[in-house]
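Notes for the one structure printed next.
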Amino acid sequence: MKVIATRRYPGPAFDELDDVEVVPAAAPLDARPEVQGLVVANEAVPFDRLPGLRIIANFGVGYDRVDLVACVERGIVVTNTPGVLDAATADLAFALMLATRRRVVEGDALVRAGGWARSWAEEVLATEELSGSTLGIVGLGRIGSAVARRAQGFELRVLYTQRTEVATDLAVYRELDRLLAEADIVTLHVPLTPRTEGLIDARRLSVLRDGACFVNTARGEIVDQEALVAELVSGRIRAGLDVFRDEPNVPHELLRLPNVVLTPHLGSGTRQTREAMTRLVVDNLLAFERGDPPLTPVP
Ligand code: 8YV
């Protein structure tokens, strides 16, 4: 099966594709009727150039940039990479919580600038404890649950919200607005869908407690970015942000703020996880080629 991939995806599994050609997503593409498989990292699909396309294997759990309606119309199967990136993403959410709550980046900057004058930084970087805080998880799916499990080790009180309340020992259910008002730290773990786009709007951001820490490793579009920037510029809340509405562009106002920690969409960015994602991408393609059901089809 002829496959186009938008990059050479990391790890040895990629070499098991016997007829793969790397064509960057931004590169012009002539009509390629012989191509049956496409590997993307949540990138737009040039359907008109690929009339013979039968399967799209998305490198990532989120597939919000893949037009599923167009895929259904054309009978194209879509797969993603759920599960294998839960730990890495949950770890990064904790890294951002810790960095933001404990002012790790500010401390690093202070040391590098020669501002560490006495035996310890004393009041200059005093902040709130993470342990014992209340964590609000928006979306208790695979990644949200991995965050909740880690939260037990940090002795956090854990709340969650999502469309439907479930029976779980991991966290206590709250309506979204109540969770936002009650949590010291809020972390987003819902997919980007028409229902979640703009879910955290200006009003909901205003409900956050003074000094609350807002963490986003999901998608920038889930939040009203202008309203978030305004809250951060005011200094009322703190944030750890791995995702943005128009990546790789980050609102310029954020670049100088001490109360924000910024990372460049690193959620799944460990060597092990990225290789496992490629493994799953390739296994989905190979299964499809054999005529077997794909391992992780998108519903
Ligand atoms: C990226 C992600 O897709 O899985 C997701 O939804 O956002 C990430 O894993 C991946 O880094 C490739 O862009």
Side-chain angles (χ1 to χ4, degrees), residues 3-11 13-14 17 20 22-27 37-46 55-68 71 78-96 137-147 162 187-197 199-200 215-223 225 240-250 261-285 294-299:
V3 174
I4 280 185
T6 55
R7 54 182 64 67
R8 194 217 176 274
Y9 285 83
F14 191 77
L17 297 173
V20 62
V22 172
V23 181
L38 178 68
V39 186
V40 291
N42 198 28
E43 289 144 328
V45 175
I55 178 166
I56 298 169
N58 184 52
F59 179 88
V61 67
Y63 46 85
D64 41 278
R65 292 213 170 83
V66 178
D67 183 345
L68 286 191
C71 290
V78 180
T79 65
N80 66 342
T81 60
V84 294
L85 44 66
D86 300 346
T89 309
D91 287 351
L92 186 78
F94 262 91
L96 290 173
I137 300 177
V138 180
L140 195 70
R142 281 179 294 258
I143 298 172
S145 298
V147 169
Q162 60 184 18
T187 183
L188 301 188
H189 299 290
V190 287
L192 175 62
T193 65
R195 198 188 58 82
T196 62
E197 185 165 2
L199 178 72
I200 309 297
V215 171
N216 191 0
T217 56
R219 286 290 184 268
E221 295 93 328
I222 297 166
V223 188
Q225 191 161 278
L241 304 175
D242 186 49
V243 290
F244 304 87
R245 194 178 55 199
D246 180 29
E247 295 170 8
N249 299 307
V250 173
V261 176
L262 305 165
T263 50
H265 204 135
L266 292 180
S268 64
T270 67
R271 184 180 55 75
Q272 294 87 343
T273 289
R274 289 272 158 92
E275 291 189 3
M277 290 164 73
T278 302
R279 177 76 266 161
L280 194 44
V281 160
V282 170
D283 285 345
N284 273 308
L285 290 168
L295 282 77
T296 49
V298 163

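Being a predicted model, the structure only gives us computed values, none of them experimental. Just follow the structure's listing: the first ligand is 1, and inside any ligand the first atom is 1. Only heavy atoms go into these numbers, but all of them, side chains included; no hydrogens, no water, no symmetry mates.
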Can you list the atoms of ligand 1 that are under 4.0 Å from a heavy atom of F59?
-> 3 (O), 12 (C)
Gap between atom CD of Q162 and atom OG1 of T196 - 0.5 Å precision = 13.0 Å
S268 heavy atoms, cut-off 4.0 Å: which ligand 1 atoms fall inside?
-> 8 (C), 9 (O), 10 (C), 11 (O)
Gap separating the CG atom of N249 from the CZ atom of F244, nearest 0.5 angstrom | 10.5 Å
D86 side chain to A90 backbone, donor-acceptor under 3.5 Å = no
Name the one of T217, I137, I222 that satisfies side-chain contact (heavy atoms from CB on, under 4.5 Å) with L188?
-> I222
State which residue, out of L285, D283, N284, fulfils the side-chain contact (heavy atoms from CB on, under 4.5 Å) condition with V281.
-> L285
Can you list the atoms of ligand 1 that are under 4.0 Å from a heavy atom of M277?
-> 9 (O)
Between R65 and the options E43, E221, E247, the salt bridge (charged side-chain N to carboxylate O under 4.0 Å, His left out) test singles out E221
Here the atoms of ligand 1 under 4.0 Å from any heavy atom belonging to H265 are 1 (C), 2 (C), 7 (O), 8 (C)
Backbone N or O of V40 within a donor-acceptor pair of the T6 side chain at under 3.5 Å?
-> no
Before signing off on this row, confirm whether V61 and ligand 1 have an N or O atom pair separated by under 3.5 Å.
-> yes
Quick note on ligand 1: atoms under 4.0 Å from a heavy atom of G62 include exactly 4 (O), 5 (C), 6 (O)
Considering distance alone, does some N or O of A41 sit under 3.5 Å from an N or O of ligand 1?
-> no
Check ligand 1 against G60 and write out every atom of the ligand that is under 4.0 Å from a heavy-atom position of the residue.
-> 3 (O), 4 (O), 5 (C)
Taking N216 for its side chain and V243 for its backbone only, find out whether a donor-acceptor pair lies under 3.5 Å.
-> no
Give the residue and atom name of whichever protein heavy atom lies nearest to atom 11 (O) of ligand 1, and the separation in Å to one decimal.
-> R274 NH2, 2.7 Å
Ligand 1 atoms in contact with L85 (distance to a heavy atom under 4.0 Å) | 4 (O), 9 (O)
Subset of ligand 1 atoms that lie under 4.0 Å from at least one heavy atom of R219 = 2 (C), 5 (C), 6 (O), 7 (O)
Between N42 and ligand 1, does any nitrogen or oxygen pair lie at a separation below 3.5 Å?
-> no
